[in-house]
Amino acid sequence: MAGSPHAFRFFRAGGVDQVDLSDPEALRKLDALDLKLWVALACPTHGLEIDARTLDLIDTDHDGRIRPPEILAAVAWARDVFPVEDLFHGDDTLPLASVSSTTEAGRAVRESARRVLADLGRPDADAIRLEDVSNADRIFAQTAFNGDGVVTIDSAPDETVRQAIADAITVMGPVMDRSGKPGIDRAKADAFFDQAATYSGWLTLGDVDEVRTLGAATLAAFDALGAVRGKIDDYFMRTKIASFDPTITIGPARAEDVQTLALAQLATDDERVARWPLAHIRRSATLSLRESLNPAWVARMQAFAELVVEPILGRGRGEISDDDWAVILLRLGPFATWMGTRPDLPIAALGPDRVRALAGGPLREAVTETIAKDAGLEAEYLQIESVEKAIRLRRDLLRVLRNFVSFADFYGKRDAVFQAGTLYIDGRSCDLCLPVHDVTRHAALAVHANAYLLYCECVRLKDAEKRTIVAAVTAGGVDNLLVGRNGVFFDRKGDNWDATVARIVENPTSVREAFWSPYKRFLRLVQEQIAKRASSAAETSNKTLEEGAKSVTRPEDKPEPPPAPKRFDVGTVAALGVAVGGIAAFFSSMLATFLGLGMWMPLGIAALVMAISGPSMLIAWLKLSQRNIGPLLDASGWAVNAFARINAPFGHVLTKLAELPPGAKRILDDPFATKRTPWIRIVLLLIVLLVGSAWALGKLDAYLPDHVKARAVL
């Protein structure tokens, strides 16, 4: 550890000694604090209730996590830029007078701040605000160059370069400039001009007489030929088949196709007609250019005759033979070969003349020089980020330290950065709520926190936004907390969400609740059994009624004879007698034991109660003593370095139960209160008195063991 020794102060919270960061000297010497005394060793940069941009600036390796070396580096850098004391009253401004002029980092921040203020038209300002450097549009909107290596149309020195940049943006797609405007960078520019050179070279190869055999009309002739070439090839192949075997008839279409189209409304551009042969198939290998043609191909054949046949074979030709067709293909073959090598490049959309201008002129050099001029300012404008970093660290760094090096905010009830908000449910508010991305994975680790956890799905109907949270219930009863119950979650921004419990991790919330839990479980079991028996009896009764109704509605059906009475099984009766005798003996033994205690009977009752509730209370005490926030945070991506307990007093702080406000007045006259009657208690008291009197008078001695008879005890 670097730095001279420092007498750090520590405070005790959650059973952990945590460093006190209220002393500026402790921040200066933070690199001397043993990492084993840090409460956390890592945390994510997103999902916390602190400006994510601040955490991104601290995260120098950009892996989405912050660790101690990055924390120490941020503290050291901030210490070089402004006094450490500024961390205790930082806001969204950076007074230039507080920026150090004796360190390299401080001078760089000061110069960059001055440059930004000058660009914004406030060169005489004595402080720079966060909004001045966090809004790039405002900083760079009026500047031609901004150091990002991207040039826009406004960056061009003249109209020719401006048009070249515009063409590059159209062909290659834009790269967004810092000003928010579309532009191009060096990679886009090089790819654009490389395309221009490649396409221009291909155009040059085609500008010779051997390729353009019809001169300037070659391209139009090639297009007209391409429009009908496949159809003419098909026609001559059919005539050859007809000449090869006269018995083979290749008509204009199949009979079923003709029948299908017989009642259809047809047009010259109907695709079904276009699929028919070009003309009627004859054994003579000639093709009329104007007569007896498929109506869908007449216009294209006319263009073919004018642009291809007449320039090559001469005017006045009304038909062509197979040999004429071969001559035409041979004449346009070089052009077709050249077109076959055409590079498939987006720049072709600009047209041959524009491509040649881009490839042959000095535009590439001019655009490249413009980009280099912008990139030359990179070092200067990158310092703007350092100004933003200085403002953000001055405002947020101390809060980061109070939630990383120590948990001072959490235990100081200031709302830690990992607390997502407050859940209101079942007459309580739960302040320890964390965001969750994967409930199953989170619960697998969070269960070791030994806390009662509610995983809730939260929804805002107005924008259909969803999120999942986990809330720790650290106080109060949990009998009414069930999967499916609804509550309301308020996030740290004040927005409210409908929250529904989707999963529960059960753990004790107090020793008092654990005392009653065995009896509650017993009563719940009894209720369930009674409900099952009642449901079964109701089902049997319903079936009986249904059978009775059927017998009434169907009088012709003979009722089934009643089942024969079953004989008593002697063995069953004996077994029942043994069971009843055993139960009676057990209760007699218990009663004898209690009565035999004499004046110690209250202690016996207490011992019985402890025998029932003691194990639950012991388990609850052990779990509550181990309840801590570490596994909850670890499941959310933290690396907690201490056993940060949530004891009972702190649990009542994190989960607040409903209480009447101070000074509230209660009107106890409840018109719907249950009317109390003393008769039940009177009857029970009379029974107890009668049994006690009978025992004292010896009336029960004949039924009791010797050592608990009245004459033996009294």
Side-chain angles (χ1 to χ4, degrees), residues 1-14 16-45 48 50-51 53-90 94 98-110 385-412 416-418 630 633 637-644:
M1 295 295 177
S4 58
H6 174 69
F8 289 99
R9 293 185 302 177
F10 290 84
F11 66 93
R12 188 77 172 173
V16 180
D17 290 322
Q18 303 180 42
V19 65
D20 181 7
L21 298 175
S22 61
D23 179 14
E25 190 62 24
L27 300 182
R28 295 188 183 95
K29 299 296 184 179
L30 186 60
D31 54 354
L33 180 65
D34 191 343
L35 288 183
K36 294 189 291 294
L37 298 175
W38 290 39
V39 176
L41 296 177
C43 75
T45 57
L48 304 179
I50 192 172
D51 197 325
R53 174 61 178 162
T54 301
L55 300 180
D56 288 337
L57 291 172
I58 297 175
D59 179 23
T60 54
D61 60 3
H62 306 295
D63 65 347
R65 295 180 63 76
I66 294 177
R67 301 178 182 85
E70 292 168 319
I71 292 288
L72 294 174
V75 172
W77 187 86
R79 187 178 55 204
D80 289 343
V81 174
F82 49 77
V84 173
E85 287 77 8
D86 282 12
L87 293 175
F88 293 90
H89 49 77
L94 176 65
S98 68
V99 179
S100 174
S101 59
T102 60
T103 62
E104 182 178 352
R107 289 192 296 269
V109 170
R110 181 190 292 268
E385 185 176 89
S386 68
V387 179
E388 179 188 5
K389 182 177 179 179
I391 299 174
R392 290 184 179 277
L393 291 187
R394 186 172 181 268
R395 182 192 67 181
D396 297 333
L397 182 56
L398 182 61
R399 188 171 177 220
V400 172
L401 298 177
R402 291 172 62 89
N403 288 271
F404 193 100
V405 181
S406 71
F407 276 0
D409 282 357
F410 179 58
Y411 288 105
V417 296
F418 48 76
L633 290 178
W638 287 65
V640 179
N641 193 38
F643 191 82

Just wondering, do [Y] and [X] contact through their side chains at under 4.5 Å, heavy atoms?
| X | Y | answer |
| --- | --- | --- |
| Leu57 | Glu385 | yes |
| Ser101 | Arg110 | yes |
| Asp20 | Phe8 | no |
| Arg394 | His89 | yes |
| Leu633 | Phe407 | yes |
| Glu70 | Asp59 | yes |
| Leu55 | Val400 | yes |
| Val81 | Ser100 | no |

Please give me the minimum heavy-atom distance between [X] and [Y], naming the atom from each residue.
| X | Y | result |
| --- | --- | --- |
| Ser98 | Pro83 | O-CD, 3.2 Å |
| Leu393 | Ala74 | CD1-O, 4.0 Å |
| Ala42 | Phe404 | N-CZ, 3.6 Å |
| Phe88 | Pro24 | CE1-CG, 3.7 Å |
| Val109 | Ser386 | CG2-OG, 3.8 Å |
| Lys36 | Asn641 | O-ND2, 3.4 Å |

State the [atom1]-[atom2] distance between [X] and [Y], to the nearest 0.5 angstrom.
| X | Y | atom1 | atom2 | result |
| --- | --- | --- | --- | --- |
| Leu398 | Asp86 | CG | CG | 11.5 Å |
| Ile50 | Leu397 | CD1 | CG | 9.0 Å |
| Thr45 | His62 | OG1 | NE2 | 10.5 Å |
| Lys389 | Ile58 | NZ | CD1 | 8.0 Å |
| Leu30 | Ile71 | CG | CD1 | 8.5 Å |
| Gln18 | Trp38 | CD | CH2 | 13.5 Å |

- Message: Whether the Thr103 and Asp80 side chains hold a donor-acceptor pair (N or O, under 3.5 Å, no angle test) is what I'd like checked.
- Response: no
- Item | Pairs involving residues 399-411, ordered by first then second residue, that meet salt bridge (charged side-chain N to carboxylate O under 4.0 Å, His left out) (sequence neighbours left out) |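 Listed once each, the pairs are Arg402-Asp409, Asp409-Arg414.
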- Query: Can you name the salt bridge (charged side-chain N to carboxylate O under 4.0 Å, His left out) partners of Arg28, sequence neighbours left out?
  - Reply: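 Once residues adjacent in sequence are excluded, the partners of Arg28 under the salt bridge (charged side-chain N to carboxylate O under 4.0 Å, His left out) criterion are Glu25, Glu85.
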- Partners of Asp51 by salt bridge (charged side-chain N to carboxylate O under 4.0 Å, His left out), sequence neighbours excluded?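 Testing Asp51 for salt bridge (charged side-chain N to carboxylate O under 4.0 Å, His left out), a comparison that skips the adjacent residues, returns Arg392, Arg395.
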- Item | Close aromatic pair by centroid cut-off 6.0 Å: Phe410 and Phe418 |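 Ring-ring flag for Phe410/Phe418: true, centres closer than 6.0 Å.
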- Note on the structure: The side-chain contact (heavy atoms from CB on, under 4.5 Å) partner of Val19 among Val405, Asp34, Val39, Leu401 is Val405
